[in-house]
Participant: 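There's a structure below that I have some questions on.
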Amino acid sequence: MNLSVRVRGRVARALRWRRAEREAPFAELQRIESDPAFRALFLAELEAAIVDREAEREAVLAEVAAAAERLRSLLRPERAA
């Protein structure tokens with residue numbers, strides 16, 4: 001019986017923690033909407049993250065293309081005539 005009470009207490013604490021977690025992103029959204037300086041900073045960081053992600057994506061695509069070319073060369077070696 002004592003174990004059941006402890007488990008319920010842990011579940012209650014976990015649920016309270018999740019509720020608080022949900023409020024934080026909403027508070028940040030309100031600040032983005034209401035504070036022009038914070039909005040500008042947020043948008044600049046968002047733009048930088050998008051540019052970084054695109055650069056990483058392009059690098060991965062180049063690596064995949066190079067690996068595909070290496071595989072093709074292994075599967076179809078040039079024939080000496």
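Values in this document were obtained by computation on a predicted structure and should not be read as measured data.
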Participant: For Phe38, give me all partners under side chain to side chain contact (heavy atoms under 4.5 Å, CB included), at least two apart in sequence or on another chain.
Facilitator: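 Scan of Phe38 (side chain to side chain contact (heavy atoms under 4.5 Å, CB included), adjacent residues dropped) gives Glu28, Arg31, Ile32, Asp35.
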Participant: Same hydrophobic cluster for Phe42 and Phe26, using side-chain heavy-atom links shorter than 4.5 Å among ILVMFWY?
Facilitator: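 Result: no, two separate clusters.
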Participant: Nearest 0.5 Å please: distance from the CD atom of Glu45 over to the CG atom of Asp52.
Facilitator: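 Glu45 CD to Asp52 CG: 11.5 Å, rounded to 0.5 Å.
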Participant: Applying side chain to side chain contact (heavy atoms under 4.5 Å, CB included), can you list everything that pairs with Arg72, at least two apart in sequence or on another chain?
Facilitator: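 Partners of Arg72 under the side chain to side chain contact (heavy atoms under 4.5 Å, CB included) test: Ala68, Glu69, Arg76.
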Participant: Taking salt bridge (charged side-chain N to carboxylate O under 4.0 Å, His left out) as the definition, give me every residue that meets it alongside Arg39, ordered by chain and number, with sequence neighbours left out.
Facilitator: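 Listed in chain order: nothing, the list is empty.
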Participant: Which other residues end up in the same hydrophobic cluster as Leu74, if Ile, Leu, Val, Met, Phe, Trp and Tyr are linked when side-chain heavy atoms come under 4.5 Å apart?
Facilitator: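 Joined to Leu74, directly or through intermediates: none.
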Participant: Once salt bridge (charged side-chain N to carboxylate O under 4.0 Å, His left out) is applied, what residue pairs with a partner in residues 55-65 remain, sequence neighbours excluded?
Facilitator: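 Counting only pairs at least two positions apart or across chains, the salt bridge (charged side-chain N to carboxylate O under 4.0 Å, His left out) contacts touching residues 55-65 are Glu54-Arg57.
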Participant: In the hydrophobic cluster built from side-chain contacts under 4.5 Å, what are the other members alongside Leu61?
Facilitator: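 Other cluster members: none.
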Participant: Cluster question for you: counting only ILVMFWY and a side-chain heavy-atom cut-off of under 4.5 Å, with indirect links fine, are Val64 and Leu71 together?
Facilitator: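 No, it is not one cluster - the side chains of Val64 and Leu71 are not joined through contacts under 4.5 Å.
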